[in-house]
Amino acid sequence: MERPASEPLVESRLNSGCITLPKCRMIRHSSCRAAFNRFPLATPGMVTVKLGTFGFLAVVLVGLLFSSCAVAPRRVGPAAAGAAELKITQDIIPPGKCGRPLHQSMRPTFITIHSTDNRSRSADALNHALAVNKGLRGRHNRTGFLTWHFTVDDHSIYQTLPTNETGEHADYEGQGNRSSIGIEMCVNRGNDLGSTVDRTAQLTARLMRQYDIPLDHVVPHMHWRMIRYSDGRDLGFKKCPRILLDGGRLGPKWSAFMAKVSSYAR
């Protein structure tokens with residue numbers, strides 16, 4: 001388909017022990033709106049206690065210093081770092097509109113990767129989401145509309161269909177539509193394709209973890225044979241996503257994309 005689904009705050013508390021000081025005579029100091037009322041007079045016993053306390057605290061501080069140096073800093077891999085950067089905006093097609101009443105429930109077991117082939121400068125993820133919500137007509141399919149789950153560009157991700165509903169993006173009534181989440185990559189002018197591909201890889205890895213989808217079930221659109229719904233015509237395999245194909249075939253570009261997905265999924 002080539003046209004336009006908290007971190008708990010960890011509180012740490014340090015419990016400090018109390019040291020009982022010997023009784024001592026107190027004097028009062030008064031001043032205008034005095035903030036401090038009482039000062040203990042120092043005695044030899046108090047000096048001993050204070051010096052002992054100071055020594056104890058010094059030992060504790062030195063121990064903490066060495067222990068903190070001994071702990072290696074935690075390395076954040078690309079999966080954790082990338083996932084934190086993703087922001088998904090939900091703009092779900094309203095129930096009852098654009099063929100959505102005809103969508104069927106789905107447990108996703110595949111992820112299908114597309115590219116839009118729409119190079120108009122305005123054909124970014126937002127405008128694709130708006131278009132799908134207004135209704136993109138699809139000829140020869142069951143619902144009469146084109147629908148998919150996510151659209152990605154170099155700075156945003158929009159979800160237009162719940163991931164537990166089938167879309168119309170891969171192969172009419174075949175397994176591609178019935179079992180896969182569809183992701184469209186934008187190729188509009190001014191869009192950074194490298195960033196778009198990278199964000200798509202991050203999103204794919206997140207969905208893999210969420211639905212326990214293996215890497216070999218991440219497939220290009222051309223993986224699915226298209227048998228038209230209206231008349232049963234065999235349309236073969238569509239050359240999509242074009243930006244990840246080499247001469248219309250799977251090659252180094254697709255392999256590099258899959259390597260990205262694998263690194264983010266770890």
Side-chain angles (χ1 to χ4, degrees), residues 1-5 82-83 85-95 97-100 103 106 108 110-138 141 143-171 176-177 179-208 210-211 213 218-224 238-245 253-254 257 260-261 264:
M1 199 279 310
E2 298 295 327
R3 295 185 57 188
E85 298 170 0
L86 287 184
K87 178 184 177 182
I88 299 173
T89 303
Q90 289 193 334
D91 191 11
I92 305 296
I93 300 169
K97 293 187 177 181
C98 304
R100 194 171 166 208
H103 290 150
M106 173 183 72
F110 284 85
I111 300 172
T112 301
I113 308 298
H114 307 260
S115 61
T116 65
D117 264 6
N118 188 338
R119 300 188 180 277
S120 171
R121 183 172 293 276
S122 62
D124 58 5
L126 169 60
N127 283 312
H128 274 80
L130 293 174
V132 170
N133 270 269
K134 291 179 180 178
L136 282 176
R137 288 289 178 178
N141 64 19
T143 68
F145 294 90
L146 300 177
T147 55
W148 59 90
H149 299 85
F150 298 93
T151 309
V152 184
D153 61 24
D154 60 358
H155 64 279
S156 60
I157 301 174
Y158 281 82
Q159 181 180 0
T160 49
L161 197 64
T163 52
N164 62 354
E165 290 185 18
T166 61
E168 292 283 358
H169 58 90
D171 58 356
N177 280 345
S179 64
S180 77
I181 296 172
I183 302 177
E184 285 278 0
M185 294 183 293
C186 295
V187 297
N188 54 303
R189 292 196 308 275
N191 177 44
D192 186 330
L193 292 183
S195 295
T196 300
V197 170
D198 188 71
R199 292 168 65 82
T200 301
Q202 293 180 43
L203 174 61
T204 301
R206 176 182 289 189
L207 293 169
M208 287 171 59
Q210 182 176 353
Y211 293 104
I213 297 175
V218 176
V219 297
H221 184 185
M222 67 182 300
H223 176 83
W224 307 110
K238 192 167 188 176
K239 295 180 179 179
C240 173
R242 199 177 305 275
I243 63 171
L244 293 183
L245 302 181
K253 291 180 182 177
W254 179 257
F257 172 74
K260 277 181 174 289
V261 173
Y264 283 125

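Here the closest non-hydrogen pair linking Pro220 and Cys240 is CB-O, 3.8 Å. Among all heavy-atom pairs drawn from Asp124 and Cys186, the shortest one is C-SG, 3.5 Å. Nearest heavy atom pair, residue Arg199 against residue Asp154, reads CD-O, 3.4 Å. In plain terms, the two heavy atoms of Trp148 and Gly182 that are nearest each other are CB-O, 4.0 Å. Between Ala170 and Trp224, the shortest heavy-atom contact is CB-CD1, 3.8 Å. Here the closest heavy-atom approach between residue Ile111 and residue Ile213 is recorded as CG1-CD1, 3.8 Å.
Atoms CD1 and CD, from Ile157 and Gln90 in turn, are 12.0 Å apart once rounded to the nearest 0.5 Å. With values rounded to the nearest 0.5 angstrom, Ile183 atom CD1 is found 6.5 Å from Thr200 atom OG1. The CD1 atom of Ile181 sits 7.0 Å away from atom CD of Gln210, with the distance rounded to the nearest 0.5 Å. Between atom CG of residue Leu244 and atom CH2 of residue Trp254 there is a gap of 6.5 Å, rounded to the nearest 0.5 Å. Atom NZ of residue Lys238 and atom CG of residue Asp117 lie 8.0 Å apart, to the nearest 0.5 angstrom.
Contact check for Arg242 versus Val187: no side-chain heavy atoms found under the 4.5 Å cut-off. Between Phe150 and Leu207, the closest side-chain pair of non-hydrogen atoms falls below 4.5 Å. Counting only heavy atoms from C-beta outward, the side chains of Phe145 and His103 never approach each other to under 4.5 Å. For the pair Arg100/Thr147, no side-chain contact is recorded, criterion being any heavy-atom separation below 4.5 Å from C-beta on. Residues Met222 and Leu245 form a side-chain contact, since some pair of their non-hydrogen atoms from C-beta on lies under 4.5 Å apart. Residues Leu126 and Asp153 have side chains not in contact (no heavy-atom distance under 4.5 Å, counting atoms from C-beta outward).
Ser179 places no side-chain N or O within 3.5 Å of a backbone atom of Met106 that could act as its donor or acceptor partner. Not a single donor-acceptor pair under 3.5 Å links the side chain of Asn191 to the backbone N or O of Leu193. A side-chain donor-acceptor contact under 3.5 Å links Arg189 to the backbone of Arg119. A donor-acceptor pair is defined here as one N or O able to donate and one able to accept, closer than 3.5 Å; no such pair exists between the side chain of His221 and the backbone of Pro241. Of the possible polar contacts, one joining the Asn133 side chain to the Asp91 backbone as a donor-acceptor pair under 3.5 Å is found. Using modelled atom types, no side-chain atom of Asn127 and backbone atom of Ala123 make a donor-acceptor pair closer than 3.5 Å. A donor-acceptor contact shorter than 3.5 Å links the side chain of Asp171 to the backbone of Asn177.
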Inset, instruction - Start with the C-alpha gap between Val197 and Lys253, add the side-chain angles, then the distance that decides, and say whether side chain to side chain contact (heavy atoms under 4.5 Å, CB included) holds. - result: CA-CA 10 Å; Val197 170; Lys253 291 180 182 177; over 6 Å; no
Inset, instruction - Using the side chain to side chain contact (heavy atoms under 4.5 Å, CB included) rule, take Val132 and Tyr158 through it: C-alpha gap first, then chi angles, then the decisive distance, then the call. - result: CA-CA 11 Å; Val132 170; Tyr158 281 82; over 6 Å; no
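At a cut-off of 3.5 Å, with distance as the only test, a side-chain donor of Asp198 or Tyr264 sits close to an acceptor on the other residue. The closest side-chain donor-acceptor pair between Thr112 and His169, if any, does not fall under 3.5 angstrom.
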